[in-house]
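Working notes, structure below.
Read the numbers this way: they start at 1 and go in the same order the structure lists the ligands and their atoms. Count residues from 1 along the sequence. These values consider heavy atoms only, across backbone and side chains, with no hydrogens, waters or symmetry-generated copies.
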Amino acid sequence: MMKILPSYAVVDSLKQHADQASAATIQSYQAETGRTERMATTAAGLTLDFSRHLISEQGLNELIKLAEQAGVEAKRTAMFAGEKINKSEGRAVLHTALRHMGDRLVMVDGEDVMPAVRDTLSRISSLCDTVHAGQWTGWSGKPVKHIVNIGIGGSYLGIKTALDGLRPYQRKDLQAHYVVNVDPADLAKTLAVIDPETTLFIICSKSFTTMETRVNAEAAKAWMLEQGMPEADSARHFIAVSNNIAKATAFGIAEENILPLWDWVGGRYSLWSAIGVMIPLMTSFAIFKRLLIGAFEMDEHFQNAPLEDNMPVIMGLLGIWYSNFFEAQSHAVLSYASDLDAFPGHLQQMDMESNGKRVTADGQPVDWQTGPVIWGGVGTNGQHAYHQLLHQGTRLIPVDIVAALESHNPVAEHQDWLFAHALAQAQALAYGCQEDQIRAEMAEKGASQAEIDMLAPQKVIPGNKPVSLLIMDKLEPETLGALIALYEHKVFVQGAIWELNSYDQFGVELGKVLGDQIFEQLTADSAVNEADAGLNQWLQRYRQKHHRA
Ligand SMILES: O=P(O)(O)OC[C@H]1O[C@](O)(CO)[C@@H](O)[C@@H]1O
């Protein structure tokens with residue numbers, strides 16, 4: 001049998017608290033004096049209300065000890081100080097430096113990285129000025145109107161999340177497009193709507209070796225040449241963001257058109273770097289700065305707030321409470337803000353690529369559960385789709401409900417309805433509706449006893465489903481930045497407690513290697529005879545379809 005967690009002294013006591021909680025209800029914990037005030041914390045424009053959780057105040061105090069015993073504070077200090085906590089790759093983890101607004105030095109290998117960060121920000125700012133002034137022109141002298149980001153994973157998901165979240169701030173004179181997948185349909189849908197003479201492509205790839213991005217960038221360039229772009233003018237239509245300047249130049253990007261990032265920025269944490277250049281291009285540099293400021297405020301909170309009020313720490317601990325003590329397999333993030341519809345996708349990479357690990361940072365197999373399945377969507381849409389399972393399914397799925405008090409779009413009573421439903425879901429999940437109440441209501445409406453006996457059990461909503469409410473005044477650049485940074489730090493806290501290296505991703509490599517091999521087999525000129533019969537049948541079928549030998 002698996003252990004619950006690494007051997008921290010507090011685990012036994014936590015197990016006892018979990019056993020008690022299993023026999024209790026969230027409703028019963030509401031009787032604790034001062035629970036609503038104690039189980040809430042505010043930082044960087046976000047308030048976390050975690051009173052609707054299946055944990056007593058004492059249990060929560062024990063969870064805080066878990067963070068202490070796991071050395072979360074020392075590990076946090078090491079990350080912010082630029083220590084090479086990504087041991088397997090020998091790298092520092094410093095996405096926080098990208099949004100650092102103070103005058104602290106951030107040292108990596110004896111060198112302060114902040115001048116390079118600021119220099120890149122100022123290059124981004126000038127690029128935005130040029131494009132926004134209509135002075136960045138294509139081969140025929142027309143100003144840029146379409147910006148196409150070619151990138152995948154961390155070179156897409158965070159950008160899309162931020163830019164959608166900033167929809168009210170988006171420029172009307174520019175259109176954003178994304179080419180992500182190697183599925184030719186993805187490129188085709190963009191090429192169908194852009195005007196080559198007014199399009200700027202951003203080839204966004206930290207490594208500049210990612211197959212999807214390389215193949216799409218090559219096809220986009222070939223298409224531009226076909227459309228009449230003179231080869232000599234390609235610098236007016238293609239820029240790149242990469243840590244691999246040599247590869248980007250070899251592709252044909254002019255060196256002055258390559259914005260850098262560094263090996264201490266993980267792909268899934270890179271939206272704050274030049275990887276996110278699409279964000280200020282489609283809004284303004286000032287808005288991007290506000291996004292960074294919000295993230296910085298969350299960094300400050302994470303570093304300075306005591307553990308018991310520390311939002312990322314509390315969210316991380318509560319996640320561990322359900323994953324490791326209650327065997328919860330997944331965690332849902334439900335945003336009551338349509339502009340956050342891309343957020344779950346970004347969180348999936350951020351969390352699952354970071355903490356979907358089976359060995360510790362020292363390479364020892366773990367004997368406890370690590371990262372859960374992360375999923376989610378927007379409310380109220382989800383209420384008419386998957387919330388049925390949240391309320392009456394057999395699985396325990398803790399939920400975060402993200403909502404804003406105010407909308408950018410004051411249309412009739414829409415926002416009142418939206419917020420009402422965010423709260424209603426929190427209440428329904430936590431407290432449900434019990435059978436005696438349902439029976440009484442049915443009887444009052446004149447239902448027969450037979451009807452009541454048949455229907456009442458089906459109508460029961462057991463409740464006791466843990467919910468965090470994460471509330472902001474309004475979805476603004478600062479609150480959006482803080483929200484994304486909050487989840488980044490939550491992932492850090494959980495990785496620290498599970499003893500993982502949250503910053504490598506060796507699990508994605510095998511698929512890449514096999515993909516290369518199978519691509520060779522699918523496209524080889526001469527006949528292919530693969531020993532694995534299961535694979536061979538599909539190779540032959542595909543090759544026949546494409547008239548290959
Ligand atoms: O920015 P790149 O180097 O193209 O990588 C894209 C994505 O691919 C991954 O390496 C996974 O394959 C992610 O970690 C990364 O965000």
side-chain contact (heavy atoms from CB on, under 4.5 Å) partners of Asn536, counting only residues at least two apart: Asn529, Glu530, Leu539, Gln540

Per the salt bridge (Lys or Arg N to Asp or Glu O under 4.0 Å) rule, what does the pair list look like for residues 215-230, sequence neighbours excluded? Lys221-Glu231

Report, in ascending order of atom number, the atoms of ligand 1 lying under 4.0 Å from any heavy atom of Ser207. 2 (P), 3 (O), 4 (O)

Rounded to the nearest 0.5 angstrom, the OH-CG distance for Tyr386 and Leu334 is 5.5 Å

Subset of ligand 1 atoms that lie under 4.0 Å from at least one heavy atom of Gln349: 13 (C), 14 (O), 15 (C), 16 (O)

Output yes when Asp341 and Lys160 qualify as a salt bridge under the 4.0 Å nitrogen-oxygen rule, no when they do not. no

What atoms of ligand 1 come within less than 4.0 Å of a heavy atom belonging to Gly154? 15 (C), 16 (O)

Check: Trp272 side chain, Leu292 main-chain N or O, donor-acceptor pair, under 3.5 Å: no

Nearest neighbour of atom 6 (C) of ligand 1 from the list Val508, Ile152, Val241, on a heavy-atom basis: Ile152

Short N/O distance, under 3.5 Å, between Ser155 and ligand 1? yes

Atom 10 (O) of ligand 1: the protein heavy-atom neighbour that sits closest, reported with distance to 0.1 Å: Lys512 NZ, 3.7 Å

Among Glu353, Arg268, Lys206, Glu212, which one has a heavy atom closest to atom 13 (C) of ligand 1? Glu353

Atom 2 (P) of ligand 1 [closest protein heavy-atom partner, distance rounded to 0.1 Å]: Thr210 OG1, 3.3 Å

Report yes or no: is the cationic atom of Arg76 (NZ for Lys, CZ for Arg) closer than 6.0 Å to the six-membered ring centre of Phe302, at no more than 45° off its axis? yes

